[in-house]
Amino acid sequence: MAILVDKQSPVIVQGITGKQGGFHAKLMMEYGTNVVGGVTPGRGGEWFEGKPVFDTVSKAVEATGATHSLIAVPAAFAAEAIYEAVDGGIKLIVCLTEHIPVSEMMKAVAYVKLKGARLIGPNCPGVMTPGQAKIGIIPGMIGMPGHIGVVSKSGTLTYEVGFALSRRGMGQTTFVGIGGDPVIGTTFIDVLQMFENDPDTSSVVLLGEIGGRAEIDAAEYIKNHMTKPVAAFIAGRSAPPGRRMGHAGAIVEGSEGSAEEKIAALEAAGVRVAANPEQIPDLLAS
Amino acid sequence: MAILVDKQSPVIVQGITGKQGGFHAKLMMEYGTNVVGGVTPGRGGEWFEGKPVFDTVSKAVEATGATHSLIAVPAAFAAEAIYEAVDGGIKLIVCLTEHIPVSEMMKAVAYVKLKGARLIGPNCPGVMTPGQAKIGIIPGMIGMPGHIGVVSKSGTLTYEVGFALSRRGMGQTTFVGIGGDPVIGTTFIDVLQMFENDPDTSSVVLLGEIGGRAEIDAAEYIKNHMTKPVAAFIAGRSAPPGRRMGHAGAIVEGSEGSAEEKIAALEAAGVRVAANPEQIPDLLAS
Amino acid sequence: MKLHEFQSKALFGEYGIPVPRGKVATTSDEAYAIAAEIGGAVVVKAQVHVGGRGKAGGVKLAKSPEEAREVASKILGMTIKGLTVRQVLVDPAANIQQEIYLAITNDRQAGRALIIASAEGGMDIEELAVKKPSAIVRLHIDPLVGLKVYHANNVVSAMGVPREHYRAFVQIVQQLYECYIKSDAELAEINPLVITTEGKLLALDGKVIIDDNALYRQPKLAAMRDLSEEPESETKAREAEITFIKLDGQIGCMVNGAGLAMTTMDMTKLYGEADGIGPANFLDIGGGASSDQVAAALRIILSDSNVKSVLINIFGGITRCDDVARGILVAYDEVKPSVPIIIRLQGTNAAEGRALIDAAQIPNVVSAETLTEAAQKAVEAAKKAM
Amino acid sequence: MKLHEFQSKALFGEYGIPVPRGKVATTSDEAYAIAAEIGGAVVVKAQVHVGGRGKAGGVKLAKSPEEAREVASKILGMTIKGLTVRQVLVDPAANIQQEIYLAITNDRQAGRALIIASAEGGMDIEELAVKKPSAIVRLHIDPLVGLKVYHANNVVSAMGVPREHYRAFVQIVQQLYECYIKSDAELAEINPLVITTEGKLLALDGKVIIDDNALYRQPKLAAMRDLSEEPESETKAREAEITFIKLDGQIGCMVNGAGLAMTTMDMTKLYGEADGIGPANFLDIGGGASSDQVAAALRIILSDSNVKSVLINIFGGITRCDDVARGILVAYDEVKPSVPIIIRLQGTNAAEGRALIDAAQIPNVVSAETLTEAAQKAVEAAKKAM
């Protein structure tokens, strides 16, 4: 089962002839992802590692039947690429791109929702269903098939936790990196709901951080709707207020968004919160 | 029965303290329309002919429960007034205003549709259900209660035909002036469908004119979906091509939009087309 | 409002679209000077608001400044479809390798902007639409979202332009859309957009129509109106905020509302056509017209010597028939028309209006009850005067 | 990026919002000159990027130019929450009748712009939100549609401002929104927006924060960055495209990815807090960092004399551990650090990276398998050095 992506999902890469797009397209194929083609305007008709390149998403979808897309283009073009994917008929869009202006994302996310597509990210590592497929940059080595769902705002923190789980033989259904930007396409709650409804997932790991109130909302959701156990880690206990900690969204503003507040809300919702992410396997095992 | 408006429909007038808005608000009240208030920004708290004036549509709807609105504001503000009505929760918006730029109307009509409201017009005389209520500027004296539905692109041509019908004792369910602009909220087809579904309406009059292909589409619809008899008149047989005949939409462009083409399509759909609008009662009577 | 070719291309240029560096001349000596400045072969093109200039001899190649003068002297002053050529555009001649069609227009049925493009330009787009519809690319733009780069990309990819020009075309589509939006255009058309044998892109001909209703916020474009091309009566009518179009019949019409104005015209033709009689004009005094406007309308109608009778058909809604009656009386006193006037007043304050007219006891004024009666009387009156 | 009050108000002024005609002074003599030019009473305001200036004595009234000089000399050079005041704004004093709060900000949960307004301004808005939430008006703006006049109208009507100022407020809301959109602001706040006893509206204080990710298209605003307020190390890091924030602990951290960088900091605190040990910085070398960037990062960390040990935690995804290892070696050769360095490489090309480090046989370099182990070793090393 798993969620969002599996071995069959036909994936295109927007920006496949770019440096990052090409690099990760290759890794995705090596991992077993069903990459069916790529898009680079003006380069339609070329080939990339045996896969056709198209000028537009529309043409790529028409020719390949792709339903999933990875966006790996520079920030100035990424919002456009999201619109194009939506209009081209893509159902699941994963946007890696970092540094997209918030105003652009507010519009793009509104458009995605209006048209009933799903966007993961931006500024995210993507999704990976171990042993089946990945869309994005999550290193294959951190995962193994199993029954733990992982949802996270952070890329490398996800790798850290995935690696710790796998080393203990605790496999995962799907990793979902929702991204660290203030305005994102898919929230913790969206993914928690998917994991709750996925019969293959038996427990869930939530990796949050300071800034905003997404973890507070997630805690509320967990309390009211989740039957599966959830373990969590919140990064940024040692972060000073008022500073943006790398991620555009990671900032404690006034009284809002502190790690303490989030940890308290999650614990009140019955979530086991680790002080050290490498302890998460213990929390799930005990 | 009738369509779109009846004695109970609670109506507000956007621009009620303006010259035209006030003039027609009074006439509407005299006719029996359930005018519950008006809107003029900055004049909230005042009264107009015993009806409360509000700063915003939201406040007016909240206070009065209005579901219908008449927009009688200058062209530069009319598109905004439409958005406001939609967001304020108005279900039926009648926009009298002429000379709104097409680009503004394209956006406004898209917004109205997105939000599931209905717009009549712009650049239209409004709607009137004889003996019950009117929203707009149709003179009450042209109508009498009955069973003929009238839909028209033109204001005074509607009066002409309504007057001719009433003089012959042939009453009407509802008059709907859809407006003579190129981009309008409600088309012939929308109104034909309403009349077809209205048990009180037994026959329909369609008043069209040169320009665009709305009458061609209407003919197609009539042919495939209408069981009630339809009589029509198309204005502009004597109009030269390439000139805009008053209405922004009334222009024969290239081979498209001529009266002959429209009359032929309507006749092919079984519609009786009059050469003189004063003959319409005869066409319906025979 | 239509822009001339030279105005359209200058506008395109403001948005970065590559256009020829030509100039406008109103005399053949000016044409000579411009051709000399450009150097090499030039094209001399009549600037009039009608199609088919080429077939009418209004577009000519000139290999030298001298030839440009000669050609310009022939084109300037010529009449094309009833319009006198008062200015010519002198453009450098281009070596055309491929002709592209690109336009953005309002699709009124869809309520959206429509991009129309074809890599097989050079022929009439309506003709191409019939002969080879597959060669035409169409794309609607959501008005709430606007044109995104990928829309331009979709158009260009579907057109199949040479790969080396791919990005340049994507840019031109974006530029043309920006021009269309920012100018409140109904139509922004480049036909042909050419690839020259030197590998350059160039908008060789252009046509822009501005939405009349948006001219109030486009003062720069509004100022480009060419009054020399329209009858003086239309200019005067516009100043009086009356919608007036001059036609060539004998019955002057004054009506409130565009649809009824067309209908009234149609009626004069319906009853007069057998005798060669029809409308002398379209005239809509609008909703809620003042006495002043009515008077101005009557003066404009009567300034046309073809007019043999006048048909005033007012169905009062916003317009009050008594206001109209007062306007008629004012204008009548001033112009003292000799032609018969048929007046039909109906609707708001019709009785008051009729009373005013009757009280004035004007000779040559006939009243009518219905539109049919009024039209028939106007036709009869015109017939008598012919 | 935060703008200073004087920059924010100048920006507001560009959008037509009424602002005081004050100027910035960097010396007390300049403050005197500005006060003399203004005439009458002035307010001298410290320009630093922290709240609570007033309470800290950074805002003073001066009744004469002489007094302005005296006050400015006290404020200039004072330290407010760790920041030295280098410039003061000298504004004409206003006679305040009513204070209004008006702000537009990104609501991240809603993914929309949020207008926040209150006619009961003058107190902290968060405080007001607790004490009298009904006095605060909130309105979200659909990003696909933008602000329409009626949104501004809805806000102003709900606020309940004096009727005579109704239209002026509607206009200011529109102007502030335009400023917010066109400046790519995260926050555009006027607090207070006052009605003076003379019946004028005036934005007395302003705060604007620009979206860092949009600075590439806001060159004018990007140039307003005040480098004097940030540690030199942060400026250098930004130039090297590294995200770096100086903190006051002892363990220098170099990590790839913001979440993991925070986590690594948290770990140093988790294991070091009992001994007063914690992170010396936040540092994210980003995805796919080059060797050069890694070297620059190491140099920046080691330039902090507080640093007693360095913890390098790399979990390779886009970032390749061998690239990181090469960067460490380059920087090491150059800086020859005396402090111990704990290196933990995991993920993409981790084995190659570790091999490179091992082959270099650097003294003081300790490797670790897990983050926990790495953090504990870094704390131990720092403890020994203290």
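Below, chain A is the first sequence line, B the second, and so on; all start at residue 1. Just so it is clear, the values below take in all heavy atoms, side chains as well, and ignore hydrogens, waters and symmetry mates.
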Closest contact, heavy atoms only, C/Lys269 versus B/Ser238: CD-CB, 3.6 Å

Closest non-hydrogen atom pair, B/Gly246 against C/Thr243: CA-CG2, 3.7 Å

Region of B/Ile142 in contact with chain C, defined by heavy-atom distances below 4.5 Å: side chain

Pick from C/Gly259, C/Ala375, C/Ala113 with the largest number of heavy-atom pairs that fall under 4.5 Å of chain B: C/Gly259

Toward chain B, the part of C/Glu234 with a non-hydrogen atom under 4.5 Å: side chain

Atom group of B/Pro182 that falls short of 4.5 Å from chain C, counting heavy atoms: both

C/Asp211 side chain vs B/Val102 backbone, donor-acceptor pair below 3.5 Å: yes

Contact class of B/Ile184 relative to chain C, heavy atoms under 4.5 angstrom: neither

Largest heavy-atom contact set with chain B, pairs under 4.5 Å, which of C/Leu215, C/Thr370, C/Asp284, C/Thr348: C/Thr370

Expected output: side-chain B/Ser103 to main-chain C/Asp184 donor-acceptor under 3.5 Å: no

Within 45° cone of C/Phe244 ring axis and under 6.0 Å: B/Arg244 NZ or CZ: no

Smallest separation among heavy atoms of C/Leu371 and B/Glu278, with atom names: N-OE2, 2.9 Å

Closest contact, heavy atoms only, B/Thr156 versus C/Phe315: CG2-O, 3.4 Å

Intermediate values then yes/no, salt bridge (charged side-chain N to carboxylate O under 4.0 Å, His left out), B/Glu104 and C/Arg217: CA-CA 12 Å; B/Glu104 301 298 335; C/Arg217 61 185 187 189; 2.7 Å; yes

CZ on B/Arg243 to CD1 on C/Ile245, rounded to 0.5 Å: 4.5 Å

Spacing of CE belonging to C/Met267 relative to CG belonging to B/Asn276, to within rounding of 0.5 Å: 4.5 Å

